[in-house]
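Predicted model only: the values in this text are computed from it and were never measured. Counting starts at 1 for both ligands and their atoms, in listed order.
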Amino acid sequence: MRETVRGWVGEARHIAVLTGAGMSAESGVPTFRDAQTGLWAQFNPQDLATETAFRAHPQRVWDWYAHRREMIAGLQPNAGHVALAAFTVRHPGRLTLITQNVDGLHQRAGSDDTLALHGNLAEDRWLDMPRACCQAETIETGHPPRCPVCGNLRRPAVVWFGEHLPAAALEAAELAARNCELMLVVGTSGEVYPAAGLALTAHQCGARVVIVNPEATPLDGVAELCLREPAALCLPWLLA
Ligand code: BV8
């Protein structure tokens, strides 16, 4: 199985890679659907990662993201992240990396042109349209920080459920899904759209879809092969 996929990697003019939280599991980042720990055990991530939740409970949602930022700050990209970055150095333009992850580990591994469909946990932006008084220099610290004049809140620069994905990144991802000969779908439960739909698009446009995931997913039906392996073990071998 692995040897077959390695052959497909060698043959493919254009490879698209779609990654999810499982890509970062071996870096120590709990996957999005892993049971939340400690203070957050009582909440479902999907209920926290929404604008409604943030407006209703700004401190709770802000502190959840601050907790995740702190957790990720001390972690490193794993061998899977490194293998993807090394491949694009050896084969410029042959691989498009699309991620649902907000942990920035692909970018830290050197994949500079990663298409980050769900934004970046390390950055903030204004919750409401900023006015002249909303200046970075005068932000009042807090949970969440806010504009001291109008009270506009800062929020994590991630895409919450019910929010549109960044148009340019999504368009580039859809183009790659339509034009690739091979799509590697790595470490995602395939439940969040429109990201998961990219695997369906690749399949419909004639690409071979290969899933790298120790567990079954709803996308297995469009996969030509499923490699039941962890990403950090499998990718370095596939992309060598
Ligand atoms: C939108 C940022 C338009 C925040 C995230 C169509 C059908 C049904 C529903 C919808 C639809 N279209 C839109 C929706 C609604 C919704 C949605 O998809 N809901 C789902 C739950 C049904 N989608 C949206 O709202 C999207 N917006 O469509 O806008 C619109 C606008 C207005 C009105 C209508 C429509 C926005 C979605 C983005 C949400 N933001 N993240 C944050 O992080 O806090 S999504 C979040 O889930 C993370 O980004 C995460 O990456 C993502 C998906 O989860 P996974 O990455 O797959 O992670 P998960 O834990 O689920 O799975 C891990 C996998 O790894 C497992 O399979 C496991 O087996 C595997 N694994 C574990 N270890 C390893 C491993 N694999 C390999 N190696 C290992 N070692």
Side-chain angles (χ1 to χ4, degrees), residues 2 5 17-37 40 43-54 57 60-69 71-72 75 77-81 83-84 97-106 114-125 155-167 169-171 173-174 184-201 210-220 223 226-238:
R2 267 178 147 205
V5 178
V17 181
L18 172 66
T19 67
M23 179 75 222
S24 299
E26 285 137 295
S27 293
V29 182
T31 65
F32 198 71
R33 280 163 187 70
D34 270 353
Q36 296 269 76
T37 52
W40 313 105
F43 301 110
N44 175 339
Q46 262 160 237
D47 299 334
L48 288 174
T50 67
E51 182 181 337
T52 308
F54 183 68
H57 309 286
R60 177 191 299 167
V61 176
W62 176 265
D63 287 347
W64 179 52
Y65 280 95
H67 162 72
R68 290 169 63 191
R69 280 178 179 156
M71 183 176 56
I72 285 165
L75 302 180
N78 61 51
H81 295 107
L84 283 163
L97 179 54
I98 306 157
T99 193
Q100 301 171 84
N101 298 341
V102 296
D103 57 32
L105 289 178
H106 281 303
T114 300
L115 298 174
L117 298 182
H118 294 161
N120 189 331
L121 187 56
E123 291 156 23
D124 291 340
R125 61 182 174 85
R155 55 159 286 174
V158 297
V159 178
W160 279 329
F161 288 98
E163 294 187 325
H164 288 280
L165 277 58
L170 181 57
E171 196 178 317
E174 283 167 344
L184 304 179
V185 178
V186 184
T188 180
S189 59
E191 290 169 6
V192 174
Y193 282 78
L198 294 166
L200 310 184
T201 301
V210 172
I211 289 180
V212 177
N213 191 327
E215 308 286 332
T217 80
L219 297 175
D220 292 4
C226 294
L227 300 179
R228 293 284 176 242
E229 302 183 37
L233 184 71
C234 187
L235 288 179
W237 193 86
L238 282 187

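- The ligand atoms of ligand 1 that sit less than 4.0 angstrom from a heavy atom of Ala49 are 44 (O).
- Residue Gly187 holds the heavy atom nearest to atom 63 (C) of ligand 1 of all those in Gly197, Gly187, Gly20.
- Not one N or O on the side chain of Thr50 forms a donor-acceptor pair closer than 3.5 Å with the backbone of Gln46.
- Among all protein heavy atoms, the one lying closest to atom 30 (C) of ligand 1 is His164 CE1, 4.1 Å.
- A donor-acceptor pair under 3.5 Å is absent between the side-chain atoms of Glu123 and the main chain of Ala157, judged by distance alone.
- Shortest contact from atom 24 (C) of ligand 1 to any protein heavy atom: Tyr193 O, 3.6 Å.
- When hydrogens are left out, the protein atom nearest atom 70 (C) of ligand 1 is Asn213 OD1, 3.4 Å; that is the closest non-hydrogen contact.
- The part of Val102 lying near ligand 1 is the side chain, judged by heavy-atom distances below 4.0 Å.
- The protein atom (non-hydrogen) at minimum distance from atom 61 (O) of ligand 1 is Arg33 NH1, 2.4 Å.
- The parts of Pro230 lying near ligand 1 are both backbone and side chain, judged by heavy-atom distances below 4.0 Å.
- Although no hydrogens or angles enter the test, the distance criterion places no donor-acceptor pair under 3.5 Å between the side chain of Thr114 and the main chain of Leu97.
- The atoms of ligand 1 that sit less than 4.0 Å from any heavy atom of Asn101 are 51 (O).
- Judged by the 6.0 Å distance and 45° axis criteria, Arg155 is not positioned over the aromatic ring of Trp62.
- Nearest non-hydrogen protein atom to atom 32 (C) of ligand 1 is Gly162 O, 3.0 Å.
- Between Trp160 and ligand 1, no N or O atom pair is found at a separation short of 3.5 Å.
- Here the heavy atom of the protein found nearest to atom 1 (C) of ligand 1 is Glu163 O, 3.4 Å.
- Within the listing of ligand 1, atoms 4 (C), 42 (C), 44 (O) sit less than 4.0 angstrom from a heavy atom of Tyr65.
- Close approach of ligand 1 to Val159 (heavy-atom distance below 4.0 Å) involves ligand atoms 2 (C), 4 (C), 5 (C), 38 (C), 39 (C), 40 (N), 41 (N).
- With 3.5 Å as the limit, one finds a donor-acceptor pair spanning the side chains of Thr188 and Gln100.
- When Asn101, Asp103, Val102 are each tested for a side chain to side chain contact (heavy atoms under 4.5 Å, CB included) with Leu121, only one passes: Val102.
- Residues Pro236 and Ala231 approach most closely at CD-O, 3.8 Å, considering heavy atoms.
- Checked by distance only, ligand 1 and Ala21 come closer than 3.5 Å through their nitrogen or oxygen atoms.
- Taking the side-chain contact (heavy atoms from CB on, under 4.5 Å) definition, one finds that Thr217 meets it with Ile211, Asn213, Leu219, Asp220, sequence neighbours left out.
- Nearest residue to atom 38 (C) of ligand 1 from His118, Glu191, Gln46, Glu215 is His118 (criterion: closest heavy atom).
- Of the heavy atoms in Leu165, only side-chain atoms (C-beta onward) come closer than 4.0 Å to ligand 1.
- A cation-pi contact links Arg68 to Trp64, judged by a cut-off of 6.0 Å to the six-membered ring centre and 45° from its axis.
- In this structure, atom 20 (C) of ligand 1 is in close contact with the protein, since a protein heavy atom lies within 4.0 Å of it.
- Side-chain atoms of Asp63 never come within 3.5 Å of backbone atoms of Ala66 as a donor-acceptor pair (strictly under, hydrogens ignored).
- At a heavy-atom distance under 4.0 Å, atoms from both the backbone and the side chain of Ser189 approach ligand 1.
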Before you tell me yes or no, could you show the steps for Leu227 and Val5 under side-chain contact (heavy atoms from CB on, under 4.5 Å), namely the whole-Å CA-CA distance, both residues' side-chain angles and the distance that decides it to 0.1 Å?
CA-CA 9 Å; Leu227 300 179; Val5 178; 4.1 Å; yes
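- The ligand atoms of ligand 1 that sit less than 4.0 angstrom from a heavy atom of Pro194 are 28 (O).
- Taking Glu215 as the reference, nothing meets the salt bridge (Lys or Arg N to Asp or Glu O under 4.0 Å) condition, with sequence neighbours excluded.
- By the criterion of a heavy-atom distance under 4.0 Å, the side chain of Glu26, and not its backbone, is placed next to ligand 1.
- Note: Trp160 and Phe54 meet the aromatic proximity criterion, with ring centroids under 6.0 Å apart.
- Salt-bridge annotation for Arg69 and Asp124: present, with a side-chain N of the basic residue lying under 4.0 Å from a carboxylate O of the acidic one.
- Under 4.0 Å from ligand 1, the heavy atoms of Arg68 that appear belong solely to its side chain.
- For atom 16 (C) of ligand 1, the closest heavy atom belonging to the protein is Phe161 CD2, 3.9 Å.
- Remark: minimum distance from atom 37 (C) of ligand 1 to any protein heavy atom is reached at Val192 CG1, 3.7 Å.
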